[in-house]
Structure formats: structure tokens, C-alpha cells
Amino acid sequence: MKVAVYSTKSYDQHFLHAAAIDSGHELVFFDTRLSLETVSLSQDCSAVCAFVNDDLGSTVLLRLAEQGIALVALRCAGFNNVDLNAAQKLGITVTRVPAYSPHAVAEHTVAIALALNRHIHRAFSRVRDGNFALDGLLGFDFHGRTVGVIGTGKIGYEFAKIMTGFGCDILAFDVHPNPDCVALGVKYLSLPEIFQAADIVSLHCPLTPDTHHLIDDAAIEQMKEGVMIINTSRGAVIDTNAVIRGLKRGKIGRLGLDVYEEEADFFFEDLSNRIISDDTLARLLTFPNVLITGHQAFFTEEALSCIAETTITSLNQFERNESCAFAVDG
Ligand code: NAD
């Protein structure tokens, strides 16, 4: 099957090539994102393979359907960028990679939390500059602190498990509480109760209409003075302007982001020679107590290998007219 693979970097191509070696699929790699402007690149293909910031809204899906494409294989877990209703109406199957390495994302979340707490990002530059002063680098023990986990699926559970190892008390909110978390000693409470009690709030829920701007001015108002907020889920779970207001008045003591609601025009690209045109992102980058990584939480060898293998499995199942094990329900 000829497949148009959008938003690819050399690392994607490496892992997909390895996974597809005996499959017979012809993978055509494009570094560009899928959008209305680039959809015609997939004209003579039977399927499209896409990533987190590709546009799979109704207009693009309609164009894909007109080109005879009936499969969109996502190389990610989240599918908030796909209009599933439109896909269903157009007869397009959408598959995703529901689980690749929850450890990759959970461990990166912990890395951000530790680095922020002990100001590792600042200490690194200071020491390289011959500045060995400790002023401004004061942290706190994780041991004995309270961590609020929003969304306790695969990643939230792994994160809770690691933080339990630090000796933290774990509180959680999820629309479907996870029995494995309960067995771990996690206590499920309402969102306001978690906001009031947590020293660290970490987001691990999907982006849905219910979770859009879950962290807004009202939520931040309920939180502890100096709270640490970490978001490795999807950017728009946080109202970025609200967290900037919270940072400016000192209510938020530390903010760690691996995702940003307007990341699509920036993340995954080297823009170091350009001016950042997004004033909100530029403002965030000025705070000494904000640490941003460019959507790299998933980026481990194990995760990329699993993403590639699951994607090729979906292509194989679709080509053989088998039911797709990783299809997203509309
Ligand atoms: P999952 O489906 O296993 O878990 C998500 C959990 O969120 C579920 O338990 C679900 O019940 C819960 N949830 C749904 N709606 C909720 C709500 N309104 N409030 C609270 N909880 C709610 O997914 P996962 O594999 O743990 O991934 C979680 C999210 O992490 C994904 O949706 C994706 O957006 C993000 N993610 C980010 C990266 C990255 O590189 N930064 C990589 C993978 C996934």
C-alpha cells in the first residue's frame, strides 16, 4: 500500500523504515504538515499517516476522501486534531497508537518537575558561566509533598507510581478512577479539593471539550500559593494567558510545559534564527520559573519503535480488510 507519511523527521523515517521492512508498503515521507495546502501530496496514495499537529479537520478529510483515501493512521495517542464525526461520515478509518511508552511521558514529566524544583536549567547556565552562587536556586523536598494527578490512565498511573517512590501523597481526579491507582494508595477527590491541597498539579488527561482550559483563572485561584503546574498532556488543557497571570502575581511558583496550545507553528522545528511571532509563547519564555520542552515527552527509542510497529500493524490490518485493532471509535 502506498502511504503518504506527513510531518516526518529523520528519526520517524528511521523507525518506520525498520518496522515496514517486510510489509511491502511504500512509505512516501513528507516533512511538511498535513493541511489544506499539502493534502494533494497524498493524491496517488491509499492511506495517510499523520502526527499531533497535522490538520485532520472536516475540510482536509473531505479532500482525502475525494482522493480515495480511506485510512488515516495517527502516529500518536491523542486524536484531538481529528474530526471523528466527519471521518465516520466519509468512511475514513482512523487508527492511533493508544499505548507506546507511558513510561517515556511519565519519566519526562518527572524530569521537568525535578529540574524546575531544583532550578537545574538555571544552575547549568550559571556554572558554565563561572557563577557558583546558590541564591535563587532554593528547592523543596518532594518527600512528604502532595501531588495532584489529573487523568490517571496509562501515563497518569506511571507518573503516580514514580511520585509515590519519592514519598509523595498522591491525590487524583479522573472521570473513570483507575483501580490500579487505588491499589497504589492514590486518593480520588474532586478537582477543587485537589487544587486546594496539591503542591504539584500534573495534567495527564486528553484534550476534549470537557478538559479544554481546565486550568483557567478560577482553577488557579483555588490552588496553593507557589504551586507547581506541569502539563505534558495537550496544550489547550491550560489557558495559557491565565497561567501567565498566575505567574505574574506569584500564585504559580513553577510552571513546566511540554505542550503549548499554539504549538503547531513552532514545535518540532529549528526556528533559532527567527523571531518568535507568538507574544504569549515569548512572554512565557521570559519567566525564570518556567521550563518548556518542545513536545518531547514521548521521544525515547522504545516509544518511537513501538509507534512505528503499531502504525505498520494498522496499515497491514487495513490492507487485509481485517478489523483494525487500533481504530479510534467515532
Ligand atoms: P489514557 O487514555 O490511558 O488516560 C487518559 C485518562 O484521562 C483516562 O483515565 C480518562 O478517564 C481520563 N480523562 C478523560 N477525561 C477526563 C476529564 N474530563 N477529567 C479528568 N480525567 C479525564 O491516555 P494516556 O496514554 O495516559 O495519555 C494521556 C494524554 O497524554 C493523551 O491524551 C495525550 O494528549 C497526552 N500525551 C502526550 C505525549 C507527549 O509527548 N507530551 C505523549 C503521549 C500522550
Side-chain angles (χ1 to χ4, degrees), residues 1-8 12 16 25 27-98 151 153 175 205-214 216 233-240 259-269 277-278 280 295 298 307 310-311 313-315 317-319 321-330:
M1 193 158 65
K2 190 168 176 181
V3 186
V5 192
Y6 282 91
S7 295
T8 59
D12 298 305
L16 283 165
H25 300 303
L27 305 180
V28 187
F29 294 111
F30 300 109
D31 57 5
T32 181
R33 272 191 279 141
L34 173 59
S35 67
L36 204 49
E37 287 74 41
T38 62
V39 66
S40 60
L41 291 171
S42 56
Q43 216 151 29
D44 56 347
C45 295
S46 310
V48 149
C49 180
F51 198 45
V52 287
N53 291 325
D54 287 315
D55 176 358
L56 288 153
S58 56
T59 316
V60 171
L61 287 170
L62 178 61
R63 288 286 301 279
L64 289 174
E66 285 168 357
Q67 289 170 197
I69 287 173
L71 173 68
V72 170
L74 296 171
R75 306 195 299 282
C76 49
F79 47 87
N80 49 283
N81 55 333
V82 187
D83 186 332
L84 289 179
N85 284 332
Q88 199 175 31
K89 281 185 198 138
L90 292 164
I92 295 177
T93 300
V94 179
T95 62
R96 65 176 181 136
V97 185
V175 285
C205 52
L207 175 60
T208 66
D210 283 346
T211 63
H212 183 264
H213 286 188
L214 184 85
D216 57 7
S233 62
R234 283 290 182 269
V237 176
I238 281 184
D239 175 348
T240 314
V259 287
Y260 167 58
E261 51 184 327
E262 302 299 334
E263 70 180 46
D265 290 337
F266 302 95
F267 284 14
F268 308 121
E269 303 302 329
S277 55
D278 181 320
T280 309
H295 207 141
F298 72 100
I307 287 170
T310 307
T311 302
T313 300
S314 291
L315 298 180
Q317 289 174 338
F318 184 80
E319 189 177 41
N321 277 325
E322 294 168 8
S323 77
C324 288
F326 306 111
V328 182
D329 295 330

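In this chain, numbering begins with 1 at the start of the sequence shown. Small disclaimer: the values here were computed from a predicted structure and weren't measured. Every heavy atom of this structure was used, including side-chain atoms; hydrogens, water molecules and symmetry mates were not.
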Nearest-0.5 Å distance that lies between atom CG in L61 and atom CD1 in I92: 5.0 Å

Is the shortest heavy-atom distance from the side chain of V3 to the side chain of V48 under 4.5 Å? no

For T280, side chain to side chain contact (heavy atoms under 4.5 Å, CB included) partners two or more places apart: T240, N241, I244, Y260, D278

Report yes if the distance between the aromatic ring centroids of F298 and F51 is under 6.0 Å, otherwise no. yes

With side chain to side chain contact (heavy atoms under 4.5 Å, CB included) as the criterion, how do V52 and F268 come out once you've worked through the C-alpha distance, each side chain's angles and the decisive distance to 0.1 Å? CA-CA 11 Å; V52 287; F268 308 121; 3.7 Å; yes

Taking NZ in K89 as the centre, count heavy atoms belonging to other residues, nucleotides or ligands within less than 6.0 Å. Is the count above 12? no

If every non-hydrogen atom of A77 is compared with every non-hydrogen atom of P98, which pair is closest and at what distance? CB-O, 4.0 Å

Go through the steps for L84 and Q88 under the test side chain to side chain contact (heavy atoms under 4.5 Å, CB included), then give the verdict. CA-CA 6 Å; L84 289 179; Q88 199 175 31; over 6 Å; no

Evaluate the side-chain proximity of V60 to L34: yes if any heavy-atom separation is below 4.5 Å, no if none is. yes

Which value, rounded to the nearest 0.5 Å, describes the distance between R234 atom CZ and L214 atom CG? 15.5 Å

Would you compute the distance between atom CG of L207 and atom CG of N80 and round it to the nearest 0.5 angstrom? 4.5 Å

Shortest non-hydrogen contact from S58 toward A86: CB-CB, 3.8 Å

Test: R75 and D54 ion pair at under 4.0 Å: no

Find the distance between CD (E269) and CZ (R33) and round it off to the nearest 0.5 Å. 8.0 Å

Heavy-atom pair of closest approach, residues A47 and I69: CA-CG2, 4.0 Å

Would you say D55 and N81 make side-chain contact, with heavy atoms under 4.5 Å? no

Calculate, to the nearest 0.5 Å, the distance between atoms CZ and CD1 belonging to R96 and I307 respectively. 12.5 Å

CA sep, side-chain torsions, deciding dist, call: V72, T93, side chain to side chain contact (heavy atoms under 4.5 Å, CB included): CA-CA 6 Å; V72 170; T93 300; over 6 Å; no

With sequence neighbours excluded, what pairs up with F30 under the ring pair (Phe, Tyr, Trp, His ring centres under 6.0 Å) test? Y6

Could you check if a side-chain atom of S40 sits within less than 4.5 angstrom of a side-chain atom of R63, using non-hydrogen atoms only? yes

Can you confirm whether F266 sits close enough to S277 that some side-chain heavy atom of one is under 4.5 Å from a side-chain heavy atom of the other? yes

Nearest heavy atoms of C205 and T211, plus distance in Å: SG-CG2, 3.8 Å

For the atom pair CG (L64) and OG (S42), what is the distance rounded to the nearest 0.5 Å? 5.0 Å

Side chain to side chain, V328 and T95, heavy atoms closer than 4.5 Å: no

What heavy-atom pair brings T311 and A73 nearest, and what distance separates the two atoms? CG2-CB, 4.2 Å

Determine whether V259 and E263 make a side-chain contact, defined as any pair of heavy atoms from C-beta on separated by less than 4.5 Å. yes

Q67 side chain reached by V39 side chain, heavy atoms, under 4.5 Å: yes

Quick one, H212 with V237, criterion side chain to side chain contact (heavy atoms under 4.5 Å, CB included). Give me CA distance, side-chain angles, the key distance, then yes/no. CA-CA 5 Å; H212 183 264; V237 176; over 6 Å; no

